[in-house]
Trainee: 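Take a look at this one; I'll ask things after.
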Amino acid sequence: MFENIFDELKYRGFIEQSTDETVLRNLLGKEKVTAYIGFDPTADSLHVGNLVQIMALYLLQRYGHHPIALIGGGTTMIGDPSGKTELRQMMTREEIEANAARIKSQIGKYIDFSENGPATAVNNADWLLGLSYIGFLRDIGRNFSVNRMLAAESYKMRLETGLNFIEFNYQILQAYDYLELHRRYGCLLQMGGSDQWGNIVAGIDLIRRMEGNEVYALTTPLVTNSAGQKMGKTAQGAVWLDPERFKPYDFYQYWINVDDQDVIRFLKLFTVLHPDQIAEYEQLHGADLRKAKQRLAYELTAFIHDRQSAEDVQNAAAALFGAGHAKSGMPETILSKAELGEGLPITVLCSKVGLTASSSEARRMIRQGGLYFKDERIINEKYLVTVDDFESGEVLLRAGKKRFHLVRIQ
RNA sequence: GGGGAGAUUCCAGAGUGGCCAAAUGGGGCAGACUGUAAAUCUGUUGGCAAAGCCUUCGGAGGUUCGAAUCCUCCUCUCCCCA
């Protein structure tokens, strides 16, 4: 559909800012380019905020370029102040290493890191942790102008509230990463979120000074919803890509529930659907837009998790919100008869299976008429759930309109 | 190095001895209306086998019948001067 990845990136809305478009486009059109994106292992799973970067790597791979996923095991020891309002909590080395390992395998689900595979995973701890301070200052540090760094947009916010020296160095290390990857792999392009522009450009300058080579930058927009909020925050916290931390069912529902105004933009960014097809969805209005949302949720769940779970959760959701009730794919908890005992108050059951955060919350919800048991609104907050309630060993709980939970008994 | 301000519940931010599980706003959740959307209105928003009890106002002690509020020490943050 596109000859040049640059055109596809542009069409899909990945490009916020880039170094000379014409030059970069030509380069991507004529040779296999090594490009990298960094991920800092600040948690043990990536979340939807990282999705744009993952898709970018995926597209690079699809076009036969050479994507490098850089895991920032070294830089995370420092913490990136870009766009942040305060000093990040210092993490221990063990935490960072454990996170790095998990994130690497997570990205490995989407990008092929196998031996002789199309993509490469590296960890900057490998070259950053062993650096000697004086040597680094003399070789690398002298290429940086403090005046220039202070003028950078990414530090602006922090200059007002306070910027710790350790964080001030982050940019230098990221620039050094680029240099290192340029030397090791001939890396010519660094991509990243728009907040990374300053850091990336610092790397470009460094490579120009040290190697005399021209390299490139491309930043993606910060993806927000139409309300202007950062993506991926829910009451349960971030929308993690790890199915253990965020169930595929909830993941699917998350995308079903995006604003009307966001659907098309997200289809472009987060799926690889053909532009013609996206154009068709673009024609939809009003309630019909749900079709587009379903497609978005399905494609993404299939990509991030797998096709089987995507189908399961799609069927479950379709059934739940249509007629009848399919039970597969929805979150469920298996309870032993012993746990149920003589019966559990409904409030306790809800908190036990995690449908509500506490039994107080369940109680509150009952008072407000928001809790359903076997499709009926619960009025009695002291209702005792006993074995007799379970029809063919299971019972359906629902909080509000959208959150379902199946309880099975064994 | 000197001086000053501050740390409150998810966030912002009131409260400066009992009326405080703590104003108000944001966010979240629920209800109504809808299309599993948005907007709007209403309610709710520490926990618990709940008209009561328990834990919470940076940390540790203390004063008091009673402390988020007063005292001592500690930790951290910010501002001004050098």
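So you know, we letter chains A, B, ... as the sequences are listed, proteins then strands, and number each from 1.
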Trainee: With respect to the side chain of A:R403, which nucleotide from B:A37, B:U36, B:C29 is positioned closest?
Mentor: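 Out of B:A37, B:U36, B:C29, the nucleotide with an atom closest to A:R403's side chain is B:C29.
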Trainee: The side chain of A:D259 is closest to which nucleotide in this list: B:A49, B:A38, B:U36?
Mentor: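 Nearest nucleotide to the side chain: B:A38.
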Trainee: Determine the interatomic distance between P on B:A22 and the same-named atom on B:C54; round to the nearest Å.
Mentor: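 These two P atoms come out 16 Å apart once rounded.
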Trainee: Whether A:S359 contacts B:A49 is assessed here as follows: a side-chain N or O lying under 4.0 Å from the phosphate OP1 or OP2. Is that the case?
Mentor: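 True: A:S359 side-chain N/O within range (under 4.0 Å) of B:A49 OP1/OP2.
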Trainee: Base, sugar-phosphate alone, or nothing: which one does A:G286 contact when heavy atoms must sit under 4.0 Å apart?
Mentor: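 Here A:G286 touches the bases of the nucleic acid.
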Trainee: Counting heavy atoms from C-beta on, name the nucleotide in B:G35, B:U36, B:U45 closest to the side chain of A:D260.
Mentor: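 So the side chain of A:D260 is nearest to B:G35.
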Trainee: How far, in whole Å, is B:U9 from B:G1 if one measures between their P atoms?
Mentor: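 Taking atom P in both B:G1 and B:U9, they lie 31 Å apart.
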Trainee: Reading RNA chain B from 5' onward, which residue's closest nucleotide shows up sooner: A:M365 or A:S360?
Mentor: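 Nearest-nucleotide comparison on RNA chain B picks A:M365.
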Trainee: Quick check for you: among B:G47, B:U36, B:U34, whose closest atom lies nearest to any side-chain atom of A:K401?
Mentor: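 The answer is B:U34.
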Trainee: Take atom P in B:U44 and the same atom in B:G26, then report the distance between them in whole Å.
Mentor: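 After rounding to an integer number of Å, I get 15 Å for this pair.
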Trainee: Taking the six-membered ring for Trp, are A:Y383 and A:F373 parallel (under 30°), tilted (30 to 60°) or perpendicular (over 60°)?
Mentor: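 Because their plane-to-plane angle lies in the 30° to 60° range, the rings of A:Y383 and A:F373 count as tilted.
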Trainee: Give a yes or no answer on whether the side chain of A:Q61 reaches the backbone of A:D112 with a donor-acceptor pair at less than 3.5 Å.
Mentor: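 Side chain of A:Q61 to backbone of A:D112: a pair is present.
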Trainee: Please list, in numerical order, the residues of residues 376-387 of chain A that have a heavy atom closer than 4.0 Å to any atom of RNA chain B.
Mentor: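 Under 4.0 Å from RNA chain B: A:R377.
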Trainee: Can you tell me the base-pairing partner of B:A49? Count Watson-Crick or G-U wobble geometry only, both distances below 3.5 Å, and say none if there is no partner.
Mentor: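 No nucleotide pairs with B:A49.
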Trainee: Closer to the 5' end of RNA chain B via nearest nucleotide, is it A:D288 or A:R367?
Mentor: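 The residue mapped nearer the 5' terminus is A:D288.
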Trainee: How about A:Y11 and A:D7: do any of their side-chain heavy atoms sit closer than 4.5 Å?
Mentor: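 A side-chain contact is absent here, since even the closest heavy-atom pair is not under 4.5 Å.
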Trainee: Consider the side chain of A:Q368, meaning its heavy atoms from C-beta on, and name the nucleotide among B:G31, B:G43, B:U45 that approaches it most closely.
Mentor: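 Of B:G31, B:G43, B:U45, B:G43 is nearest to the side chain of A:Q368.
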Trainee: At under 4.0 Å, does any side-chain N or O of A:K402 touch on OP1 or OP2 of B:U34?
Mentor: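 No, no such contact exists.
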Trainee: With heavy atoms under 4.0 Å as the rule, sort A:S358 into base, sugar-phosphate or nothing.
Mentor: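 Answer is sugar-phosphate: A:S358 comes under 4.0 Å of backbone atoms only.
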Trainee: Can you check the A:E342 CD to B:A49 C1' distance for me, whole Å?
Mentor: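 For the pair A:E342 CD and B:A49 C1', the rounded distance is 15 Å.
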Trainee: Does a side-chain N or O from A:R290 land closer than 4.0 Å to OP1 or OP2 of B:U36, or not?
Mentor: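 Checking A:R290 against B:U36: at least one side-chain N or O falls below 4.0 Å of OP1 or OP2.
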Trainee: Please identify which of these residues, A:D259, A:D260, A:D262, meets the side-chain hydrogen bond (donor to acceptor under 3.5 Å, both in side chains) condition with A:K293.
Mentor: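 The single option meeting the side-chain hydrogen bond (donor to acceptor under 3.5 Å, both in side chains) with A:K293 is A:D260.
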Trainee: Classify A:Y372 by what it touches in the nucleic acid, base, sugar-phosphate, or nothing, heavy-atom distance under 4.0 Å.
Mentor: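 The residue A:Y372 makes sugar-phosphate contact but no base contact.
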Trainee: Over all strands shown, is A:Q253 touching base, sugar-phosphate only, or nothing at heavy-atom distances under 4.0 angstrom?
Mentor: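 Base contact.
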Trainee: How are the rings of A:Y63 and A:H65 set to each other: parallel, tilted or perpendicular (split at 30° and 60°)?
Mentor: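 Answer is parallel, since the angle falls under 30°.
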Trainee: Regarding A:K291 and the six-membered ring of A:Y281, is the cationic atom NZ or CZ under 6.0 Å from the ring centre and inside 45° of its axis?
Mentor: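 Geometry flag: not set, cation outside 6.0 Å or 45°.
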Trainee: Could you please name the option among B:A37, B:U44, B:G35 that lies closest to any side-chain atom of A:A287?
Mentor: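 Looking only at heavy atoms from C-beta outward on A:A287, the closest nucleotide is B:G35.
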